[in-house]
Amino acid sequence: MAGLDRKQFLKEVVLNRDWIASFDEYPFSLPAIQNLESLAFDRPVTFLVGENGSGKSTLIEAIAIAWGFNAEGGSTAFRFSTAAAHSELHRHLKLIRGIWQPTDGYFLRAESFFNVATQVDELGVSGYGARSLHEQSHGESFMSLLMDRFRGNGMYILDEPEAALSPNRQLALIARMHDLVKADSQFLIATHSPIILGYPHARILLIDEGVIRPVEYEETEHYRVTRDFLLRRERMLKVLLE
């Protein structure tokens, strides 16, 4: 597949452990952070998966901020703040960048995208389609971002992009991602979606019992639970509801 040997904008993330005063305080108390030394990125698309509370969103948010993105989302040009809800983890991360510099980039944080849309309107920022993001449904505004704002040759960090997307729109996201990968883009995505996780040749990093390790698609709980439910729906519901 084109892109497997292409340029990487982000090659590795290193946790500067000597700078951390205590691993007993959040976010350093999270087992995944306590055990973290470094993470390598060797594919154009990397997924970060794990159970709720495992630390995947905390980590992906910290990487985005360390890259230079606004904590609530947007491009590196956004500098607004409505609530200081992010952790201090980004201050302790060292990003190993490739020799190439992206010409585009974006941090999509699903839970604060409303705030980004407000800033786009207030600042009159162009490039998000013909209609205000607030005049569209949540899913439509996400797709406007992907189709109109993401231009390629970019570093794109997405935190749970499936939050507003129907299954069909998640398939459309995969197709758009592929177009952008072919245009020399790199993605880092935290997701629970078994559909989005199915993107071919991606690296899937699983946070499990405080350890971050690569797994195959079929090894993920997202795939196995969804497959078992669809194949044995009546049996599983009987067990669950009784």
Side-chain angles (χ1 to χ4, degrees), residues 8-42 45-98 101-102 104-120 122-123 145 154-163 186-192 203-214:
Q8 292 288 106
F9 300 125
L10 176 61
K11 300 181 70 174
E12 188 177 5
V13 171
V14 178
L15 178 64
N16 290 309
R17 301 177 64 87
D18 293 340
W19 296 359
I20 299 171
S22 172
F23 280 92
D24 295 326
E25 299 180 1
Y26 179 84
F28 310 106
S29 58
L30 291 168
I33 305 304
Q34 288 181 338
N35 296 320
L36 178 63
E37 298 284 347
S38 65
L39 286 178
F41 302 95
D42 60 351
V45 177
T46 301
F47 292 113
L48 194 61
V49 300
E51 190 51 81
N52 294 332
S54 63
K56 64 183 182 304
S57 289
T58 300
L59 180 55
I60 204 169
E61 173 190 83
I63 293 172
I65 298 172
W67 184 270
F69 292 118
N70 188 58
E72 294 184 47
S75 70
T76 54
F78 281 80
R79 282 296 174 263
F80 70 93
S81 177
T82 59
H86 57 281
S87 74
E88 293 297 304
L89 179 58
H90 64 282
R91 301 185 186 279
H92 301 271
L93 296 181
K94 178 182 179 181
L95 305 189
I96 309 300
R97 304 180 186 228
Q101 290 296 318
D104 191 30
Y106 214 89
F107 174 36
L108 171 61
R109 188 171 179 261
E111 64 184 49
S112 56
F113 185 60
F114 180 92
N115 301 336
V116 174
T118 299
Q119 287 294 307
V120 168
E122 291 182 353
L123 298 175
L145 175 70
M155 181 72 206
Y156 303 113
I157 302 179
L158 315 180
D159 186 16
E160 300 186 0
E162 73 275 10
Q186 183 177 355
F187 284 86
L188 173 58
I189 304 173
T191 184
H192 291 290
R203 176 72 71 197
I204 302 176
L205 299 177
L206 170 66
I207 302 178
D208 183 36
E209 297 183 349
V211 176
I212 304 176
R213 59 185 178 88

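Excluded from the calculations below are hydrogen atoms, water molecules and symmetry mates; all remaining heavy atoms, backbone and side chain alike, are included.
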Looking only at heavy atoms, which two atoms of Pro161 and Leu108 are closest? And how far apart?
CB-CD2, 4.1 Å

Quick one: are Asp208 and Arg213 in side-chain contact, heavy atoms under 4.5 Å?
yes

Is there a donor-acceptor contact under 3.5 Å from the side chain of Asp159 to the main chain of Ser57?
no

Considering non-hydrogen atoms only, spot the tightest contact between Gln186 and Phe9 and give its length.
OE1-N, 2.8 Å

What I'd like to find out is whether the side chain of Pro214 reaches to under 4.5 Å of the side chain of Leu205, using heavy atoms alone.
yes

Just so I know, are the side chains of Arg17 and Glu37 near enough to count as touching, which here means a heavy-atom distance under 4.5 Å?
yes

Distance in Å, Leu93 CG paired with Ile65 CD1, rounded so as to fall on 0.5 Å steps:
9.5 Å

Within the structure provided, determine whether His90 and His92 are in side-chain contact (heavy-atom separation under 4.5 Å).
no

Would you call Leu10 and Ile157 a side-chain contact if the rule is heavy atoms closer than 4.5 Å?
no

Look at the side chain of Lys56 and the backbone N and O of Ala190, then say whether any donor-acceptor pair between them is shorter than 3.5 Å.
no

Mind checking side-chain contact (heavy atoms from CB on, under 4.5 Å) for Glu12 and listing every partner two or more places apart, or none if nothing turns up?
Val14, Ser38, Ile96

When rounded to the nearest 0.5 angstrom, what is the spacing between NE2 in His192 and CD in Glu162?
6.5 Å

Answer whether the closest heavy-atom distance between the side chains of Ile189 and Tyr156 falls below 4.5 Å.
no

How are the rings of Phe107 and Phe69 set relative to one another: parallel (under 30°), tilted (30 to 60°) or perpendicular (over 60°)?
tilted

What's the shortest heavy-atom distance between Ser22 and Phe28, and which atoms?
O-CB, 3.7 Å

Are the side chains of Leu89 and Leu15 in touch, meaning some heavy atoms are under 4.5 Å apart?
yes

Under the 3.5 angstrom rule, does the side chain of Gln34 hit a backbone N or O of Phe23 as a donor-acceptor pair?
yes

Considering only heavy atoms from C-beta outward, does the side chain of Leu59 approach that of Leu36 to under 4.5 Å?
yes

From the list Leu188, Ile60, Leu39, side-chain contact (heavy atoms from CB on, under 4.5 Å) partner of Thr46 resolves to Leu188

